[in-house]
Undergrad: 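I have a structure here, written as structure tokens, and I will follow up with some questions on it.
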Protein chains: 2
Amino acid sequence: MTSKRPHALLRLTVDLVIQTLRDGQFQVLLIRRGNEPYRGQWALPGGFVRPDEDLDAAAARELSEETGIGPRTFHLEQFAVFGAPDRDPRGRVVTVAYLAIAPNLPTPVAGSDASQAAWWPVDKILAQPEELAFDHADILRMGIERARRQLEYTTLATAFCAEEFTIGELRRVYEVVWGIPVDPRNFNRKVMRTAGFVVPTNRKRTAEAGRPAALYRKGDATTLYPPMLRSRLNQASG
Amino acid sequence: MTSKRPHALLRLTVDLVIQTLRDGQFQVLLIRRGNEPYRGQWALPGGFVRPDEDLDAAAARELSEETGIGPRTFHLEQFAVFGAPDRDPRGRVVTVAYLAIAPNLPTPVAGSDASQAAWWPVDKILAQPEELAFDHADILRMGIERARRQLEYTTLATAFCAEEFTIGELRRVYEVVWGIPVDPRNFNRKVMRTAGFVVPTNRKRTAEAGRPAALYRKGDATTLYPPMLRSRLNQASG
DNA sequence: ACAAAAGTGTTGAATCTACACCCATGC
DNA sequence: GCATGGGTGTAGATTCAACACTTTTGT
């Protein structure tokens, strides 16, 4: 594997931290490995980059292979590279880590080379990182932290919602991903005052109980001014 | 170069956006290429990752090779990967981009395989991106934007300063990197109120003119709460 | 004394927090 | 009517922007 050149010839993979909200929980998609190494352990979905394939294209391909969903409104974003020389026992394999976020995906799909795919609650897998193969615990932690921070400064939260959503659903994204309560009344105004965060559709949705909520769509803005700071959010309940 | 495997064997480089403040300007270090391809054009310092070398180690090695300065108090941080299949005419070469920030470096040093090294004012090189080889204009732009954003939410500004610095010097980092004036009086208090941003040394420095300024050292904090927002900074002059 | 840069005080505007209260629907 | 979630008003605390003013040095 290591040649006599001054530089390495190596293989490149993409690994995905696919996040969603399911059953009111913050969850990630993991695959149980069917082959050595780390057979039987859990791992992030991913795979090798093809010879003439762009990195983002490789990530998008893996994403649709693993989730069984075509080119939809996914948020997909590269966030780090992991390249420790010994991170893969098969040789030098460098991986590009991607953060993928999608609205509530129905049910996990078993990939081609994987024996099993499952949604894991984030808290659960973070509590037992030894379940994860390679350095995927590190990658996962960084991907989770990335998403939590992005909620503060960007409009990323809308990526967890369906095309049309209520302000209450958007608020639940913050509450579930951060794990803290957020005051619904102040949240409403904060979202409305931030130009381009959400766009009204003039439609309403009537839920099981309570007053029907107005429906919104994602706006043009990508950054939030002022930011939605975790440390300052109030935690009142009424 | 492209084998019949389903995945690519490829080469990996690190490229560095080395930023500093020189002569009151925001500058980056560029190298004039001595070899094909792109001979004679300017490029970011960088080079191939060695077979058993960690990515961060490769970046640190290139940094000290190009600047001639040993393991000092550099800020060094991976910020993106560029892997378009055709980005390098020599074959598939993926590069990991690093942001390096250092206090005022004295004078450029010609590297081993480079014919010339020079500090460029950021504004100047951004205005003529066609001077740059490969996709280095994209990498540079992203590195600059990264630094500008990090000033808002992190204590990165201290990386532009020497070990001991005055609040005025720290303020000049913001002014020069962002290209906007910052009110000295409000800035002082804002820095002081953010716990862990700077630590007093109980020493003073007396400049050419004016009252001597207290000297500070970088603190423990890495993130700024509340952030130092560009869009909100006042632009008064007194 | 004067220029220059450091640093403090202060005031009106904007924002945030916490909560009272009203609105619209299903049962 | 009543429970439930959506949404508005508002008062006090906090923070911000703008700028007057004081402090400490070199010349």
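Proteins come first, then strands; the chains are lettered A, B, ... in the order of their sequence lines, and each starts at number 1. Because only heavy atoms are used, hydrogens play no part in the values below, and waters and symmetry mates are left out as well, while side chains stay in.
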Undergrad: Decide yes or no for A/Glu164 and A/Arg203: does some side-chain heavy atom of the first lie under 4.5 Å from some side-chain heavy atom of the second?
TA: yes
Undergrad: In terms of the nearest nucleotide of DNA chain D, which residue is placed more toward the 5' end: B/Lys204 or B/Pro227?
TA: B/Pro227
Undergrad: Is it true that the side chains of B/Asn188 and B/Arg185 contain a donor and an acceptor less than 3.5 Å apart?
TA: no
Undergrad: Starting at atom CD of B/Glu175, determine the distance to atom C1' of C/dA5, rounded to an integer number of angstrom.
TA: 13 Å
Undergrad: Tell me whether the OP1 or OP2 atom of C/dA6 has a side-chain N or O from B/Arg171 closer than 4.0 Å.
TA: yes
Undergrad: Rounded off to whole Å, could you give me the CG-to-P distance for the A/Asn186 and D/dG6 pair?
TA: 15 Å
Undergrad: So which nucleotide from C/dA24, D/dT4, C/dA6 ends up closest to the side chain of A/Arg211?
TA: C/dA24
Undergrad: Let me confirm one number: the CD1-CD1 distance from B/Ile139 to B/Ile144, rounded to the nearest 0.5 Å.
TA: 12.5 Å
Undergrad: What's the closest nucleotide to the side chain of B/Arg189 if the choices are C/dA18, D/dA18, D/dG6?
TA: D/dA18
Undergrad: What nucleotide, of C/dG7, D/dG7, D/dC16, holds the atom closest to the side chain of B/Arg185?
TA: C/dG7
Undergrad: Rounded to whole angstroms, how far apart are CG on A/Leu170 and P on D/dG7?
TA: 12 Å
Undergrad: Between A/Ala209 and A/Arg193, just flag the one whose closest nucleotide in DNA chain C comes earlier from the 5' side.
TA: A/Arg193
Undergrad: A/Glu169 CD to D/dG6 C1': how many Å, rounded?
TA: 12 Å
Undergrad: How many whole angstroms separate atom OH of B/Tyr225 from atom C1' of C/dC16?
TA: 16 Å
Undergrad: Take A/Phe165 and A/Tyr216 through the ring pair (Phe, Tyr, Trp, His ring centres under 6.0 Å) test and state the conclusion after the steps.
TA: CA-CA 5 Å; A/Phe165 54 88; A/Tyr216 296 84; 7.1 Å; no
Undergrad: Choosing from C/dG26, D/dC16, C/dC19, which nucleotide comes nearest the side chain of A/Thr206?
TA: C/dG26
Undergrad: Round to a whole Å and report the spacing from CG of A/Asn188 to P of D/dT10.
TA: 17 Å
Undergrad: How many whole angstroms separate atom CZ of B/Phe187 from atom C1' of C/dA6?
TA: 14 Å
Undergrad: Atom CG of A/Leu224 to atom P of C/dT15: distance rounded to whole Å?
TA: 15 Å
Undergrad: Let's see if you can work this out: which of D/dT25, C/dG7, C/dA24 has an atom nearest to the side-chain heavy atoms of B/Pro212?
TA: D/dT25
Undergrad: Nearest to the B/Arg172 side chain among D/dG7, D/dT24, C/dA6, which nucleotide is it?
TA: C/dA6
Undergrad: Distance-only, no hydrogens or angles: does the A/Thr201 side chain make a donor-acceptor pair with backbone N or O of A/Leu215 under 3.5 Å?
TA: yes
Undergrad: For B/Val17 and B/Phe79, what are the C-alpha separation, side-chain angles and deciding distance, and is it a side-chain contact (heavy atoms from CB on, under 4.5 Å)?
TA: CA-CA 10 Å; B/Val17 181; B/Phe79 72 88; 4.2 Å; yes
Undergrad: Angle between the two end axes of the helix from C/dA1-D/dT27 to C/dC27-D/dG1, five base pairs per end, rounded to 10 degrees?
TA: 10°
Undergrad: Determine whether A/Glu131 and A/Gln41 make a side-chain contact, defined as any pair of heavy atoms from C-beta on separated by less than 4.5 Å.
TA: no
